[in-house]
Amino acid sequence: QVRLVESGGGLVQAGGSLRLSCAASGLPFSTYGMGWFRQAPGKEREFAAAINWSVGGTYYADSVKGRFTISRDNAKKMVYLQMNRLKPEDTAVYYCAASPAGNYMMAGNYNYWGQGTQVTVSS
């Protein structure tokens with residue numbers, strides 16, 4: 001079975017940093033694009049960042065560009081999201097996801113999802 005397990009969420013003050021981790025198992029990790037999505041209460045799940053499998057290209061939502069960095073370690077089957085200069089607007093549950101195809105900004109293109117980790121940014 002495929003499992004994606006997020007960790008690293010927590011409470012941080014505005015301007016601070018957090019590093020999220022996602023451990024993958026049960027899938028050919030190196031052939032999947034990996035993404036991070038987030039969902040705030042009462043809002044739709046939205047794209048945050050993604051990294052592809054073929055050339056390692058990265059993609060970011062405008063709202064996080066310049067502050068977040070996604071990376072992956074295929075040997076360890078891990079994907080990370082380094083979040084710097086956090087804002088209260090970043091508060092959400094963050095989900096790790098795996099996609100076998102392109103169009104990484106679309107949640108519907110991801111086959112597998114973790115259960116999420118809470119990130120709360122205080123003013």
Side-chain angles (χ1 to χ4, degrees):
Q1 60 179 353
V2 174
R3 293 182 62 191
L4 301 175
V5 181
E6 303 96 334
S7 62
L11 174 65
V12 65
Q13 290 185 321
S17 298
L18 284 173
R19 189 193 192 209
L20 305 184
S21 298
C22 174
S25 62
L27 80 165
F29 181 79
S30 63
T31 68
Y32 274 69
M34 301 296 298
W36 288 95
F37 287 74
R38 63 188 188 180
Q39 187 168 22
K43 293 187 176 181
E44 196 78 14
R45 189 173 303 183
E46 67 176 10
F47 171 78
I51 184 166
N52 73 10
W53 67 270
S54 60
V55 298
T58 57
Y59 311 86
Y60 298 96
D62 288 342
S63 58
V64 309
K65 193 174 299 181
R67 300 187 298 118
F68 291 11
T69 302
I70 188 171
S71 61
R72 66 190 294 165
D73 185 333
N74 286 348
K76 296 181 178 179
K77 294 187 175 182
M78 298 285 291
V79 61
Y80 308 96
L81 186 67
Q82 178 67 47
M83 306 184 294
N84 298 326
R85 303 191 303 279
L86 283 161
K87 304 175 181 179
E89 305 93 273
D90 296 319
T91 295
V93 176
Y94 282 71
Y95 297 91
C96 176
S99 172
N103 296 317
Y104 297 117
M105 291 184 289
M106 303 299 295
N109 291 333
Y110 289 80
N111 288 4
Y112 307 106
W113 297 82
Q115 68 177 28
T117 185
Q118 177 71 48
V119 172
T120 302
V121 184
S122 62
S123 300

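Closest of all the heavy-atom pairs between Val2 and Gly26 is CG2-O, 3.3 Å. Residue Leu4 comes nearest to Cys22 through the heavy atom pair CB-SG, 4.1 Å, listed as atom of the first residue, atom of the second, then distance. Here the closest non-hydrogen pair linking Gly8 and Leu18 is O-CD2, 3.9 Å. Heavy-atom minimum distance, Ser99 versus Asn109: OG-O, 2.8 Å. Leu81 and Trp36 make their closest contact through CB-NE1, 3.5 Å (heavy atoms, listed as atom of the first residue, atom of the second, distance). Smallest separation of non-hydrogen atoms from Phe29 and Asn74: CE2-OD1, 3.2 Å.
Taking a 6.0 Å sphere around CE of Met78, one finds it holds more than 12 heavy atoms contributed by other residues, nucleotides or ligands.
The distance from atom CG of Leu20 to atom CD of Gln82, rounded to the nearest 0.5 Å, is 8.5 Å. With rounding to the nearest 0.5 angstrom, the CG atom of Leu11 is 9.5 Å from the CD atom of Gln118. To the nearest 0.5 Å, the span separating CD1 on Ile51 from OH on Tyr104 amounts to 9.5 Å.
Ion pairing between Lys65 and Asp62 holds under the 4.0 Å rule for side-chain N and carboxylate O.
Using a 4.5 Å cut-off on side-chain heavy atoms (C-beta onward), Met83 and Asp90 make no contact. Looking only at side-chain heavy atoms (C-beta outward), Ile70 and Tyr59 stay at 4.5 Å or farther from each other. The closest side-chain heavy-atom distance from Arg38 to Glu46 is below 4.5 Å.
A donor-acceptor pair is defined here as one N or O able to donate and one able to accept, closer than 3.5 Å; no such pair exists between the side chain of Asn103 and the backbone of Met106. Glu6 contributes a side-chain N or O that, together with a main-chain N or O of Cys96, makes up a donor-acceptor pair within less than 3.5 Å. Under a 3.5 Å cut-off, the side chain of Tyr32 and the backbone N or O of Ala97 do not form any donor-acceptor pair.
A ring-centre distance under 6.0 Å is found for Tyr110 and Phe37.
Applying the salt bridge (charged side-chain N to carboxylate O under 4.0 Å, His left out) test to pairs two or more places apart or on separate chains, none has a residue in residues 103-121.
Residues Val79 and Tyr112 share a single hydrophobic cluster, defined by chaining ILVMFWY side chains whose heavy atoms lie under 4.5 Å apart. Put simply, Trp53 and Trp113 are part of the same group of oily side chains (I, L, V, M, F, W, Y) that touch within less than 4.5 Å, one to the next.
Between Tyr94 and Phe68, the angle of the ring planes lies from 30° to 60°, which puts this pair in the tilted group.
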